[in-house]
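Not measured: the values here are computed from a predicted model. As the structure lists them, so they are numbered: ligands from 1, and atoms in each ligand from 1.
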Amino acid sequence: METQRHRLVLIPPPFQGHLTPMLQLATILHLKGFSITISHAHFNSPDPSNYPNFSFLPLFYDLSDTNITSKNVVDVTATLNTTKCVSPIKESLVDQIERANINHEKIVCVIYDGSMYSIDSVARELQLPSIVLRTTSATNLLTYHAFVQRQSKGFPPLQDSMLSLDLVPELEPLRFKDLPMLNSGVMQQLIAKTIAVRPSLGVICNTVDCLEEESLYRLHQVYKVSIFPIGPLHMIAEEDSSSSSFVEEDYSCIGWLNNKARKSVLYVSLGSIASWEEKELTEVACGLANSKQNFLWVIRSETISDVSEWLKSLPKDVKVAIAERGCIVKWAPQGEVLAHQAVGGFWSHCGWNSTLESLCEGVPIMCQPHFGDQRVNARLLSHVWKVGIEWSYVMERGEIEGAVRRLMVNQEGKEMSQRALELKNEIRLAVKGGSSYDALNRLVKSILSVNI
Ligand code: UDX
């Protein structure tokens, strides 16, 4: 008799910062012997040729006119959970269950992203074991729970105190000003729905015990389902990972980095969604020029369509500084950039993927959170792990120059760099036989035990 193969169906949303960790998880679980199907949107789809061992099913409602920005990401998330997106996923799962039987396979688990919360009830209805993948920090997830709990107890909403430097009692060491901005009704409803899910097999967090031990413990108390801190996913998937970038990476910057001294370059990037306005870009250019440091700067095409035209508008000395010490690309191979010996600091929006990628390479961060979980991550970087600079965040050239020099030149930055290297080593140990390695084995065991 032919042995039955075990297939996992993974459901990511069409956001770069969520799709990438889901594909990394898929890569890891494929190495553990599972067959993989990725059910994804028509929009911002992964490239199947990069993953020849996976099956890809483009399914959800076509959002192809949508350019995802920090302003519409919440509405797009809400749309992804409406019937027009969820029904095709459900129909496809029914179809896949039937076809699996014919092919001596079994769908053993559905793994969905935290923002695709509607899949929770679909999996239950179809009696499929399920897991949610959370792509933010465990500490950030705790803030969502705190929001909802306060609401249910009739306490003043957390967002009323958003500017306060006071510590949030149940979330120390976070201050009110570090909390994610949940200022719209749609956003608050969405958060309540994402944390209400109770996937039968538990929650995978893309984090590491040594970074967030206390938060993971607290998270377990509130979820009361298994928590699997299997991270950093990109590091575990490293040897087998392919590019999941929506945009082509510009490798010319690696050649540029090759000619720069060790730890002499500041890498500047705000991830896939956040951006600066044109006026702010000019201040950034002047601040970077005045700092006298080398810099590699990602300016995405949605931020500014014609960079050369914009460069012409800058003061002459700034243009000269950019030509001498700067490199500007539309999209960088971030993994390679952070691992490059020439990179000594990262000016980042503190997206969780960028945060983990930087920590794994021992690169300290000049924080500039924009939205969502990024303020929480900035607090962890600056206050808890002490590898990140918190500054005024005022987009003015003098402020920027000062912050860049704190990170790249001053003793403060050197000490952060040293701590970042220590953290890098701790994370490596967790992946190679430590806590993340154990959590992954626990997860595999758990999936197989309900499918004997
Ligand atoms: C979003 C949220 O903003 C983030 O806070 C959340 O934790 C995940 O979803 P994003 O804003 O894109 O993600 O930031 P981040 O999580 O840092 O992910 C960006 C990804 O794009 C990283 O994996 C990074 O390596 C990649 N990237 C970015 C590139 O490959 N090249 C670039 O030039 C810029």
Can you tell which part of [X] has a heavy atom less than 4.0 Å from ligand 1: side chain, backbone, both or neither?
| X | result |
| --- | --- |
| D373 | side chain |
| H370 | neither |
| E357 | side chain |
| W297 | neither |
| S269 | side chain |

Counting non-hydrogen protein atoms only, what is the nearest one to [atom]? Give residue, atom name and distance.
| atom | result |
| --- | --- |
| atom 12 (O) of ligand 1 | S272 OG, 2.4 Å |
| atom 1 (C) of ligand 1 | G17 CA, 4.3 Å |
| atom 2 (C) of ligand 1 | Q374 NE2, 3.8 Å |
| atom 29 (C) of ligand 1 | W331 CZ2, 3.2 Å |

> Taking only residues two or more places apart in sequence or in another chain, which ones pass side-chain contact (heavy atoms from CB on, under 4.5 Å) with K32?
Replying inline: F34, L440, N441, V444
>> Could you work out, with side-chain contact (heavy atoms from CB on, under 4.5 Å) as the rule, every residue matching S164, not counting sequence neighbours?
In response: S161, D166, F176
>> Can you tell me which residue among R406, K177, R375 is in a salt bridge (charged side-chain N to carboxylate O under 4.0 Å, His left out) with E390?
In response: K177
> What do the steps show when you test W276 against W347 for ring pair (Phe, Tyr, Trp, His ring centres under 6.0 Å), and what is the final call?
Replying inline: CA-CA 13 Å; W276 286 306; W347 181 358; 5.0 Å; yes
>> Is there a polar contact, in the sense of an N or O pair closer than 3.5 Å, between T136 and ligand 1?
In response: no
> If you measure every N/O of E249 against every N/O of ligand 1, is any gap under 3.5 Å?
Replying inline: no
Under 4.0 Å from a heavy atom of [X]: which atoms of ligand 1 are those, numbered in the order shown and with their elements?
| X | answer |
| --- | --- |
| G351 | 4 (C), 5 (O), 14 (O), 15 (P), 16 (O), 17 (O) |
| V298 | 33 (O) |
| A332 | 29 (C), 30 (O), 31 (N), 32 (C), 33 (O) |
| W352 | 4 (C), 5 (O), 7 (O), 16 (O) |
| S354 | 15 (P), 17 (O) |

Between the side chains of [Y] and [X], is the shortest nitrogen-to-carboxylate-oxygen separation below 4.0 Å, so that they form an ion pair?
| X | Y | result |
| --- | --- | --- |
| E212 | R134 | no |
| E422 | R419 | no |
| K279 | E277 | no |

> Side chains of S291 and R405: closer than 4.5 Å at any heavy-atom pair?
Replying inline: yes
>> Before you tell me yes or no, could you show the steps for Q16 and N44 under side chain to side chain contact (heavy atoms under 4.5 Å, CB included), namely the whole-Å CA-CA distance, both residues' side-chain angles and the distance that decides it to 0.1 Å?
In response: CA-CA 8 Å; Q16 184 77 72; N44 281 347; over 6 Å; no
Does even one non-hydrogen atom of [X] get within less than 4.0 Å of ligand 1?
| X | result |
| --- | --- |
| F15 | no |
| H349 | yes |
| G372 | no |

> Between V376, T139, T143, which is the residue that forms a side chain to side chain contact (heavy atoms under 4.5 Å, CB included) with L171?
Replying inline: T143
> In this structure, which one of E249, E357, H234 forms a side-chain hydrogen bond (donor to acceptor under 3.5 Å, both in side chains) with Q334?
Replying inline: E357
> Nearest heavy atom to atom 16 (O) of ligand 1: which of N353, N140, L338, V73 does it belong to?
Replying inline: N353
> Should the pair F54 and Y51 be assigned to parallel (<30°), tilted (30 to 60°) or perpendicular (>60°) ring geometry?
Replying inline: parallel
